[in-house]
Trainee: 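Could you have a look at this structure, given as structure tokens, before my questions?
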Number of protein chains: 2
Amino acid sequence: MNRDRQFKDTVYEQLSRIGKAVSSPKRLELLDLLCQGPKKVEVLAKETDLSVANTSQHLQILRGASLVESRKEGLYVVYRIADSDVCVFFRSMRMLAGRRLAELELTVQRFLKEREGLETVDREELLERVRHKSVTVIDVRPPEEYEAGHIPGALSIPLKKLQSRLAEIPKDRQIVAYCRGPYCVLAVKAVDILRSQGYKAIRLEDGVPDWRARGFKVATGSNK
Amino acid sequence: MNRDRQFKDTVYEQLSRIGKAVSSPKRLELLDLLCQGPKKVEVLAKETDLSVANTSQHLQILRGASLVESRKEGLYVVYRIADSDVCVFFRSMRMLAGRRLAELELTVQRFLKEREGLETVDREELLERVRHKSVTVIDVRPPEEYEAGHIPGALSIPLKKLQSRLAEIPKDRQIVAYCRGPYCVLAVKAVDILRSQGYKAIRLEDGVPDWRARGFKVATGSNK
DNA sequence: CAAGTAATCAATAAGATAATAGAATAGTTG
DNA sequence: CAACTATTCTATTATCTTATTGATTACTTG
């Protein structure tokens, strides 16, 4: 029955290729970023605080596991998620971690929740309001990510430009800011800024992958 | 902006605990087995062809990632999945691998499919027949796994006992054998044996976790 | 076609991981 | 309470991983 053992070893060896790919914190960060849209190596390196060489190596490991693909575009190499299933998988991993790892919840509580004053908004309710456009939604991610996919009706106001573009935001309506997902800090900061300016602002934890996973439509392209 | 970096590092570090846990082939095999039901260390060691000491270590790593739990029961330590979400996650990983990794598909084709003569049964159709009990379903896993959860109406006939219990299986009906899932060899062997004895037997790729994931009921306990 | 740029490759050192074997522990049974 | 059993712990070795650095490749652009 040695043939069975060999078969099993090969099968689980293959499965573990996916596991190995997602066993490094930096590769998970890269994957999370790529779930927001395609990106050049340089950008990924900057976002993750890695050297370009190191980023490149991690990306090749992800590519080896068929989780991402790369294509030379002009002077740059652009990496992208190989299949939307990869984002679904990443999300299921993120949610499992969120539910099972107490330390993770704690880290987030300390960093994000304290700033928002632990506001308890009903998420489903908030999503409904976003869906029915009864609130002003702003997407504070970099513009390329907005273009790659955003919540329909959302305004693209990257965090970096927020201060200078406050005039575009109505002061009398409820503002909802979102970014890459529950572990992204952009929307948290946006809410900080908006509130200090007297806006009624709130953060939506979900990112575009979460929005999509709920079966809601995602818009692409610039808002002109 | 160093505080942000620290936060991100902590978050992805946490996420990677799950990734590290599923980055070893042997741990994946253990997880797959535990998704079939709770098991003693000894049994897990035998099933995976690992030494007991080595098995114990791997199990502790899985426990460190909160994927499994252990409890001393009499003379033995019994390990079990910590939460059914873990099986859902494992399944999503298995399916991602199945879809993305060509080598995996190839390995399975070579080992399993050739024996079944590459029979092309419509899986949905087969599941329907199993669901409506218009076929005789046999569960060829060890009895403990059957007791921990099985397809309603299935007969428990462990592969080891199949030869001696052929009399219990009606010869005029279609027989469907299932085991742990798509990468388990038990049902393949059962079908081999049954066919050689003149039965109209076929293998169902799905295991109990897949059955459950489709929203179908799972029965527990022995069949008396 | 030379200079410049983005990405990758190669070599290394530090650190983590896995299997093994033997010792130790905790609990059970005679 | 001594012998036994299942599991875990410890130490060791061999094997991977990761980050770093500097060199190299593949393109583009002047």
Side-chain angles (χ1 to χ4, degrees), chain A residues 5-6 8-10 12-31 33-34 38-65 67-80 144, chain B residues 5-6 8-10 12-31 33-34 38-65 67-80 144:
Chain A
R5 186 70 261 162
Q6 215 173 345
K8 284 185 200 168
D9 283 349
T10 314
Y12 290 107
E13 185 68 41
Q14 292 295 328
L15 283 193
S16 78
R17 287 171 58 195
I18 307 280
K20 284 198 193 14
V22 296
S23 69
S24 137
K26 288 296 185 185
R27 284 199 290 273
L28 285 165
E29 192 171 354
L30 289 167
L31 217 48
L33 283 166
L34 287 170
K39 286 188 172 51
K40 302 175 217 162
V41 178
E42 202 186 14
V43 172
L44 290 165
K46 193 161 286 174
E47 286 276 0
T48 54
D49 278 306
L50 280 172
S51 71
V52 171
N54 207 346
T55 305
S56 173
Q57 281 188 197
H58 279 304
L59 288 168
Q60 278 167 272
I61 291 170
L62 288 173
R63 194 177 48 199
L67 300 183
V68 309
E69 286 169 354
S70 65
R71 214 176 67 199
K72 186 113 192 182
E73 283 182 15
L75 199 51
Y76 306 96
V77 175
V78 173
Y79 278 82
R80 67 187 68 233
E144 315 83 62
Chain B
R5 187 69 260 161
Q6 215 174 345
K8 285 184 199 167
D9 283 350
T10 313
Y12 291 107
E13 184 69 41
Q14 293 294 329
L15 284 192
S16 78
R17 286 172 60 194
I18 306 281
K20 283 199 202 351
V22 295
S23 68
S24 139
K26 288 296 186 184
R27 283 199 289 273
L28 285 165
E29 192 172 353
L30 288 167
L31 218 48
L33 283 166
L34 287 171
K39 286 187 172 50
K40 301 175 218 166
V41 178
E42 201 186 15
V43 172
L44 290 165
K46 193 161 287 174
E47 288 276 1
T48 54
D49 279 304
L50 280 172
S51 71
V52 171
N54 208 346
T55 305
S56 173
Q57 280 188 194
H58 279 305
L59 288 168
Q60 278 166 274
I61 291 170
L62 288 172
R63 193 177 49 198
L67 300 183
V68 308
E69 286 170 354
S70 66
R71 214 176 66 198
K72 187 113 191 182
E73 284 183 14
L75 201 50
Y76 305 96
V77 174
V78 173
Y79 278 82
R80 67 188 66 233
E144 313 83 63

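Chain letters run A, B, ... following the sequence lines, proteins first and then strands; every chain starts at 1. None of these values were measured; they are calculated from a predicted model.
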Trainee: What nucleotide, of dC27(D), dA18(C), dA6(D), holds the atom closest to the side chain of Glu42(B)?
Mentor: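 Nearest nucleotide to the side chain: dA6(D).
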Trainee: Could you tell me the separation between the CZ atom of Arg71(A) and the P atom of dA26(D), rounded to a whole number of Å?
Mentor: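 The answer, rounded to whole Å, is 20 Å.
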Trainee: Just how far, in rounded Å, is P of dT18(D) from NZ of Lys26(A)?
Mentor: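 So the NZ-P distance, Lys26(A) to dT18(D), works out to 13 Å.
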Trainee: Round to a whole Å and report the spacing from CG of Leu50(A) to C1' of dT18(D).
Mentor: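 After rounding, the gap between these two atoms is 10 Å.
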Trainee: Could you tell me whether Arg5(A) and Glu29(B) make a salt bridge, using a distance below 4.0 angstrom between a side-chain N and a carboxylate O?
Mentor: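 Glu29(B) and Arg5(A): salt-bridged.
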Trainee: Given dT7(D), dT28(C), dA18(C), identify the nucleotide with an atom nearest to the side chain of Leu75(B).
Mentor: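 Nearest to the side-chain atoms of Leu75(B), counting from C-beta on, is dT28(C).
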Trainee: Starting at atom NZ of Lys40(A), determine the distance to atom P of dA26(D), rounded to an integer number of angstrom.
Mentor: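 Checked: the NZ to P distance equals 22 Å.
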Trainee: Rounded to the nearest Å, what distance is computed from the NZ atom of residue Lys39(A) to the P atom of nucleotide dA7(C)?
Mentor: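 Value for this atom pair: 14 Å.
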Trainee: Quick one: do the Gln60(B) and Ser56(B) side chains pair a donor with an acceptor below 3.5 Å?
Mentor: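 A donor-acceptor contact under 3.5 Å links the two side chains.
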Trainee: Can you tell which of dG27(C), dA7(C), dT18(D) lies closest to the side chain of Val52(A)?
Mentor: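 It is dA7(C).
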Trainee: Check whether Arg27(A) reaches the backbone of Ala21(A) with its side chain - one donor and one acceptor, N or O, closer than 3.5 Å.
Mentor: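 Indeed, once roles are kept as given, a pair shorter than 3.5 Å links the two residues.
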Trainee: Strictly below 4.0 Å: does Tyr79(A) bring a side-chain N or O up to OP1 or OP2 of dT8(C)?
Mentor: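 It does, given that an N or O in the side chain of Tyr79(A) lies less than 4.0 Å from OP1 or OP2 of dT8(C).
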Trainee: Nearest whole Å is fine: how far is dT20(C) C1' from Gln57(B) CD?
Mentor: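 In whole Å, dT20(C) C1' lies 10 Å from Gln57(B) CD.
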Trainee: Are the charged groups of Lys40(B) and Glu42(B) less than 4.0 angstrom apart, N to O?
Mentor: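 Answer for the salt bridge query: no.
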Trainee: Rounded to whole angstroms, how far apart are NE2 on His58(A) and P on dT17(D)?
Mentor: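 One finds 12 Å between P of dT17(D) and NE2 of His58(A), rounded.
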Trainee: Among dT5(C), dT7(D), dG22(D), find the nucleotide with the atom closest to the side chain of Val77(B).
Mentor: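 Comparing dT5(C), dT7(D), dG22(D) against the side chain of Val77(B), the answer is dT7(D).
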Trainee: With side-chain contact (heavy atoms from CB on, under 4.5 Å) as the test, would you mind laying out the steps for Val22(A) and Ile18(B) before giving the verdict?
Mentor: CA-CA 8 Å; Val22(A) 296; Ile18(B) 306 281; over 6 Å; no
Trainee: Under 4.0 Å, heavy atoms only, any strand: does Thr55(A) hit a base, just the sugar-phosphate, or nothing?
Mentor: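 Here Thr55(A) touches no strand at all.
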Trainee: Please state how far atom CG in Leu30(A) lies from atom C1' in dT18(D), giving the value in whole angstrom units.
Mentor: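 Nearest whole value for this atom pair: 13 Å.
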Trainee: Quick check: on DNA chain D, is the nucleotide nearest Gly74(A) upstream (toward 5') of the one nearest Ser23(A), or the reverse? Name the residue that is more 5'.
Mentor: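 Of the two residues, Ser23(A) wins.
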Trainee: OP1 or OP2 of dA18(C) less than 4.0 angstrom from a side-chain nitrogen or oxygen of Asn54(B), does that happen here?
Mentor: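 So the side-chain polar atoms of Asn54(B) never come under 4.0 Å of the phosphate oxygens OP1 or OP2 of dA18(C).
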Trainee: Out of dA19(C), dA6(D), dC9(C), which nucleotide sits closest to the side chain of Gln60(A)?
Mentor: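 Taking heavy atoms from C-beta onward, the closest nucleotide is dC9(C).
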Trainee: What nucleotide, of dG27(C), dT8(C), dT17(C), holds the atom closest to the side chain of Val41(A)?
Mentor: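 So the nucleotide nearest the side chain must be dT8(C).
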Trainee: Can you see if the side chain of Arg27(B) gets near the phosphate of dA18(C) - specifically, an N or O under 4.0 Å from OP1 or OP2?
Mentor: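 For Arg27(B), the contact criterion (side-chain N or O under 4.0 Å from OP1 or OP2 of dA18(C)) is met.
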